[in-house]
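One structure below.
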Amino acid sequence: MCNLIVFLVVLASSSTLTVVKSDMNTIQTTCKNTKYFDLCISALKSDPRSSTADPKGLAAIIAGNATATANATAAYLSGELYDSSNDSVLKKVLKDCGDKYSLAADSLRLSVQDLDSEDYDYAYMHVMAAEEYPNVCRNIFLRRKGLVYPPEIRRREEGLKRICDVTSGIIINSLGE
């Protein structure tokens with residue numbers, strides 16, 4: 001009886017190790033199809049759902065990360081930055097930019113719905129739209145004389161663009177076949 005229990009424990013352990021190794025292979029193979037391999041790997045490794053996800057699930061996880069990034073930037077623009085300004089023109093621009101990042105988050109949520117229903121073309125289109133909204137924000141700043149595009153917004157814009165690029169890379173290269 002004791003030998004049977006030891007055998008089952010060893011068998012269960014080796015099966016678990018094989019599954020984990022296989023899942024890491026899925027993550028690495030999926031991330032190889034993206035422009036930002038390291039970002040893809042780190043984002044997926046930090047989410048426990050990744051260990052059991054297929055490429056579609058991995059795309060949804062990354063899109064969820066992108067949604068969180070867009071929401072955090074929208075909150076930053078309409079909260080901390082907005083409240084710290086006394087300039088009415090800057091406040092208007094910050095509000096408009098916050099709205100653009102909220103729209104980016106909405107597009108990313110739609111992309112997850114599209115992934116769930118296996119509408120990969122629409123998922124890709126929504127991710128690409130989300131990636132463009134920060135450009136609109138930057139252009140709003142550029143059209144206003146005397147306003148400087150804040151480095152923190154530029155950094156956040158780049159972060160959102162990169163995570164969107166990872167999402168679109170997974171959709172196009174791992175799902176769009």
Side-chain angles (χ1 to χ4, degrees), residues 30-31 33-44 46-47 49-50 55-176:
T30 301
C31 288
N33 292 320
T34 69
K35 187 175 174 181
Y36 300 103
F37 177 80
D38 291 338
L39 173 62
C40 181
I41 292 289
S42 72
L44 291 173
S46 69
D47 191 309
R49 297 172 298 166
S50 298
K56 180 175 85 169
L58 296 175
I61 290 167
I62 294 288
N65 287 347
T67 304
T69 299
N71 280 329
T73 302
Y76 173 74
L77 289 163
S78 62
E80 182 181 330
L81 268 184
Y82 186 87
D83 292 341
S84 67
S85 176
N86 294 325
D87 182 340
S88 62
V89 172
L90 178 57
K91 282 190 169 212
K92 169 83 170 99
V93 169
L94 291 172
K95 183 190 177 319
D96 290 347
C97 281
D99 291 346
K100 299 308 173 215
Y101 277 90
S102 291
L103 290 170
D106 292 344
S107 289
L108 289 160
R109 277 189 285 279
L110 288 171
S111 74
V112 173
Q113 291 175 3
D114 296 331
L115 288 167
D116 286 343
S117 60
E118 297 184 359
D119 291 330
Y120 302 128
D121 290 337
Y122 284 112
Y124 179 79
M125 178 191 71
H126 283 116
V127 172
M128 297 310 294
E131 191 172 348
E132 284 302 310
Y133 282 115
N135 291 333
V136 176
C137 175
R138 185 175 3 92
N139 289 333
I140 292 169
F141 266 93
L142 293 174
R143 285 193 307 259
R144 300 295 179 132
K145 286 196 184 241
L147 288 185
V148 175
Y149 192 56
E152 177 61 17
I153 299 174
R154 183 181 315 276
R155 185 187 67 74
R156 289 169 180 259
E157 172 189 355
E158 283 303 312
L160 181 59
K161 285 182 176 185
R162 286 176 187 234
I163 198 82
C164 284
D165 194 36
V166 169
T167 307
S168 64
I170 294 172
I171 293 169
I172 271 305
N173 296 312
S174 298
L175 303 174

Is there a side-chain contact between Leu44 and Cys40 in this structure, where contact means two heavy atoms from C-beta onward sitting under 4.5 Å apart?
yes

CG-NZ distance between Leu147 and Lys92, expressed to the nearest 0.5 angstrom
12.5 Å

Under a 4.5 Å cut-off applied to non-hydrogen side-chain atoms, are Val136 and Ile140 in contact?
yes

Write down the atom of Ser107, the atom of Tyr133, and the distance for their closest heavy-atom approach.
OG-CE1, 3.7 Å

With rounding to the nearest 0.5 angstrom, report the CZ to SG distance, Arg156 to Cys97.
12.5 Å

Just list the side-chain donor-acceptor pairs under 3.5 Å for residues 122-130, sequence neighbours left out, or say none.
{"from": "His126", "atom 1": "ND1", "to": "Asp114", "atom 2": "OD2", "distance (Å)": "2.6"}
{"from": "His126", "atom 1": "ND1", "to": "Tyr122", "atom 2": "O", "distance (Å)": "3.0"}

Of Lys100, Arg162, Arg138, the residue whose pairing with Glu157 passes salt bridge (Lys or Arg N to Asp or Glu O under 4.0 Å)
Arg138

The test is side chain to side chain contact (heavy atoms under 4.5 Å, CB included); show your working for Thr34 and Asn173 and say whether it passes.
CA-CA 8 Å; Thr34 69; Asn173 296 312; over 6 Å; no

Go through the structure and list residues passing ring-ring contact (aromatic ring centres under 6.0 Å, His included) with Tyr149, not counting sequence neighbours.
Phe141

For Cys164 and Leu108, the nearest pair of non-hydrogen atoms, with its separation, is SG-CD2, 4.1 Å

Residues forming a side chain to side chain contact (heavy atoms under 4.5 Å, CB included) with Arg155, sequence neighbours excluded:
Glu152

Would you say the side chain of Ile153 lies within less than 4.5 Å of the side chain of Leu77, judging by non-hydrogen atoms?
yes

Checking Ser50 against Leu58 for the side chain to side chain contact (heavy atoms under 4.5 Å, CB included) test, could you report, in this order, the C-alpha distance in whole Å, the side-chain angles of both residues, the deciding distance, and whether it holds?
CA-CA 6 Å; Ser50 298; Leu58 296 175; 3.9 Å; yes

I need the Ser168 OG to Ile163 CD1 distance, nearest 0.5 Å.
10.5 Å

Do Asp165 and Lys161 meet the salt-bridge criterion of a basic N to acidic O distance under 4.0 Å?
no

Atom CG of Asn65 and atom OG of Ser46: how far apart are they, to the nearest 0.5 Å?
6.0 Å

List in chain and number order the residues that pass side-chain hydrogen bond (donor to acceptor under 3.5 Å, both in side chains) with Asp47, two or more places apart in sequence or in another chain; answer none if no residue qualifies.
Arg49

Asp116: side-chain hydrogen bond (donor to acceptor under 3.5 Å, both in side chains) partners, not counting sequence neighbours:
none

Between Lys91 and Asp87, is there a side-chain N and carboxylate O pair less than 4.0 Å apart?
no

Once side chain to side chain contact (heavy atoms under 4.5 Å, CB included) is applied, do any residues pair with Ala60, and if so which ones, sequence neighbours excluded?
Val112, Leu115

Within the structure provided, determine whether Thr73 and Leu160 are in side-chain contact (heavy-atom separation under 4.5 Å).
no

